Amino acid sequence: MEIPMQTANVTLRVGGKRVAFGFDVPTIPVEPVALLPLFRSITDTLVDIAAEETRARGLSISCRKGCGACCRQLVPISEMEATAIRRLVASLPEPRRSTVVERFERGVARLREAGLLETLRHPESVDAEKAEQVGLDYFAQGVACPFLEDESCSIHPERPLACREYLVTSPASNCTHPSSNRVQCVPVPAKPSRAVRRIGDERAPDFEPWIPMILALDWPVAERSPQNGTTMVARAFAHLTGADIPTPDR
Ligand code: SF4
């Protein structure tokens, strides 16, 4: 069945620039994960603008293919991304699938030994004050992302939104000791990764759900009923901009 689509035209003011997006959105209920390609593309556009502005200020971006220094950090993902990662791993041919699953399992075992697993299983217990320490404790375990191969991302086109938003201007070597005062990130003015994490889990206005990517394969992701595509995109933009955007269901 062909999915009926509607073109959405959105203009955002990003860092003093007006950025126009035009994209097709399903007008019928779809699985949230069906919208992930759209959110990846919006993220890439916003990150490209931020990178361009950074270069215009005379700074250069240190991130290069083959530098996976940041890929030992805790990567927060959304429910729809956890679903996408599960499906991606399940679709890998053998023996690659078993290799990747084993990397996930080894990483989880390491975090369990370090006493971090319970905290990671309960992100709602990690408030803003604790978040940086949890990130540093995670990094200290040296758990490489299961998709990191030869210090490069083996799922680059499908990497999480948080990975897409991470670019630095500080020396790459600083990312091997990632405290906030050593790593200078390119400021992305609006982060779709955070807006998308709110979709489908809008428990409280100040609650920002996240799932540690290393736990994606066995995270108890609730089966979400298909939702109206236009409504989900409108909610994502509402979280992204803080604006009150009317949705078709209200
Ligand atoms: S998904 Fe790719 S970019 Fe993200 S942490 Fe893993 S290897 Fe690095």
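Remember, predicted model here, so these are calculated numbers, not experimental data. Reckoned from all heavy atoms, side chains included, excluding hydrogens, waters and symmetry mates. We count ligands from 1, going down the list as the structure has it; atoms in each ligand are counted the same way.
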Next item on the list: Would you check if there is a donor-acceptor pair between the side chains of D137 and Q133 at a distance under 3.5 Å?
Entry: yes
Check: Does the side chain of T99 come under 3.5 Å of the side chain of E102 through a donor N or O and an acceptor N or O?
Finding: no
Next item on the list: Just jot down the side-chain contact (heavy atoms from CB on, under 4.5 Å) partners of R194, sequence neighbours excluded, or say none.
Entry: K191, R197, E208
Margin query: Does the plane of the ring in F147 sit parallel, tilted or perpendicular to the ring in F104? Use 30° and 60° as the thresholds.
Written below: perpendicular
Next item on the list: Give the total of protein N/O/S atoms at a distance below 2.8 Å from atom 6 (Fe) of ligand 1.
Entry: 1
Note to self: Looking at D127, I want to see if its CG is surrounded by more than 12 non-hydrogen atoms of other residues, nucleotides or ligands under 6.0 Å.
What the structure shows: yes
Note to self: Among V75, L161, V183, which residue satisfies the side-chain contact (heavy atoms from CB on, under 4.5 Å) criterion with Y166?
What the structure shows: V183
